[in-house]
Amino acid sequence: MVNLADRAAADFQRAEPRLAGLSIIVPCFNEAAGLPQLHEKLINIAQMLREKRGLAVEAVYIDDGSRDATYAVAANLPARGLDVQAIALSRNFGKEAALLAGLRNARYGAVLFIDADGQHPPALIETLVGHWRDDGYDVVYTAKAHRENEALLHRIGVKLFYRLMNWRARQRIPEDAGDFRLLSPRAADALRQLPERTRFFKGLSSWIGFKQLRVDYEPEERAHGKSSWNYAALVGLSIDGLTSFSVAPLRMASLLGVALAAIALLFGAAILYETVVYGKSVPGYPSLVVGLMVIGGVQLIMIGIVGEYIGKILAEQKGRPSYFVAEHNLKTAERERQDAAE
Ligand code: UDP
Ligand code: MG
């Protein structure tokens with residue numbers, strides 16, 4: 001009789017030769033309804049990649065604490081021509097943590113991140129793979145071709161965010177880049193080596209360097225359900241991204257301080273001049289109050305900014321894992337074939 005546990009352990013260890021394959025990582029939060037449809041498309045792509053390029057493919061579905069049957073659905077998807085991993089996190093940890101879980105559990109060298117909601121066209125995967133295998137690019141990222149269908153406020157926010165993010169940065173983070181991207185084995189390895197816990201993959205994949213390529217695409221409408229981001233969450237993610245990536249806000253705080261001090265100095269000199277030369281007594285109360293309020297407000301904002309960084313330091317310092325895995329299931333194409341034959 002076969003020992004099922006031994007079989008599972010062997011399957012987890014033995015991916016076909018580590019470099020000649022692609023792990024497709026799909027973070028899922030309440031995506032049960034759309035997974036089978038996406039999986040069908042991945043099966044077709046896997047078949048094509050195997051035939052045309054001799055690439056082995058696996059799909060890694062990470063259930064990020066969904067409230068629907070996402071994990072059950074993912075674990076039951078057929079391993080037809082590609083291996084299927086389903087991983088359930090112990091609760092909702094957020095998309096970045098789900099991506100990290102996928103990256104760590106990927107059994108092949110190259111990895112590709114794709115959303116579960118159908119907004120990232122799977123048909124593009126072949127193009128991305130081509131840029132990696134044929135043209136030697138390490139990071140092939142996609143960017144929305146245009147943002148006309150997004151609200152003006154949103155677009156302004158995005159612009160502002162990247163302005164701040166890239167302010168005097170050595171490695172610019174490309175504007176509009178999404179999480180739909182392919183990483184060559186060495187790029188994926190580089191990402192795995194980064195020790196930080198608060199991750200911002202868009203930024204990190206650019207930060208690691210190597211040969212990067214941008215591919216434009218038309219995002220699709222969500223296949224079902226609705227986006228789990230609202231403005232508050234987006235602002236939160238932006239602040240996280242900014243503070244975990246750049247010290248621009250701190251520099252701005254210092255610059256603003258210098259500017260305010262300079263203005264105050266000039267103002268003081270002007271008052272002194274008027275009093276001494278013209279003997280004018282400057283009317284004080286309103287200007288005092290305005291000055292106090294400006295200084296007080298600016299100081300509070302700056303303390304807030306410093307606090308963001310201290311919070312980041314605290315979170316990193318605590319060193320808690322970014323996620324816990326509750327369930328893990330692997331179905332290999334090979335095993336599925338054997339079992340069907342028996
Ligand atoms: N997602 C996740 N954890 C979360 C929120 C979202 O894994 O806490 C997944 C979600 O299932 C989807 C992807 O991340 O596959 C993008 O999410 P969404 O479509 O809500 O974001 P948007 O496309 O609006 O950026
Ligand atoms: Mg989406």
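In this chain, residues are counted from 1 in sequence order. Atoms within each ligand, like the ligands themselves, are counted from 1 in listed order. The figures here come from the full heavy-atom set of this structure, side chains too, leaving out hydrogens, waters and symmetry mates.
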Residue pair Arg80, His39: steps toward the side-chain contact (heavy atoms from CB on, under 4.5 Å) verdict: CA-CA 10 Å; Arg80 205 167 353 108; His39 192 66; over 6 Å; no

Atoms of ligand 1 close to Asp115 [distance to a heavy atom under 4.0 angstrom, numbered from 1]: 13 (C), 15 (O), 16 (C), 23 (O)

Ligand-residue contact atoms, ligand 1 with Pro27, heavy atoms, under 4.0 Å: 7 (O), 9 (C), 10 (C), 11 (O), 12 (C), 15 (O)

Distance, nearest 0.5 Å, that separates CG of Leu300 from CD1 of Ile305: 11.5 Å

Numbered atoms of ligand 1 (with element) below 4.0 Å of Asp64, judged on heavy atoms: 2 (C), 3 (N), 4 (C), 7 (O), 8 (O)

Six-ring centre of Phe161, Arg163 cation under 6.0 angstrom, axis tolerance 45°: no

Test: Asp339 and Lys331 ion pair at under 4.0 Å: no

Where Phe29 and Asp64 come nearest, the two heavy atoms and their spacing: CD1-O, 3.3 Å

The Mg ion (ligand 2) to nearest N/O/S of Asp117 below 2.8 Å: yes

Geometric N/O contact Phe29 with ligand 1, under 3.5 angstrom: yes

Distance flag, aromatic centroids of Phe201 and Phe113, threshold under 6.0 Å: yes

Atoms in ligand 1 with a heavy atom of Gly94 nearer than 4.0 Å: 3 (N), 8 (O)

Close-contact set for ligand 1 against Gln119 heavy atoms, below 4.0 Å: 19 (O), 23 (O)

Linked hydrophobic residues, Tyr278 as query - side chain contacts closer than 4.5 Å: Tyr273, Val277

Atoms in ligand 1 flagged as close to Glu31, the criterion being non-hydrogen separation under 4.0 Å: 10 (C), 11 (O), 12 (C), 15 (O)

Which segment of Val26 sits under 4.0 Å of ligand 1 when only heavy atoms are counted: neither

Under 4.0 Å to a heavy atom of Ala116 - the qualifying atoms of ligand 1, by number: 15 (O)

Residues Leu82, Glu58; criterion side-chain contact (heavy atoms from CB on, under 4.5 Å); working and verdict: CA-CA 5 Å; Leu82 81 178; Glu58 73 167 347; 5.8 Å; no

For Cys28, atoms of ligand 1 separated by under 4.0 Å from a heavy atom: 7 (O), 11 (O)

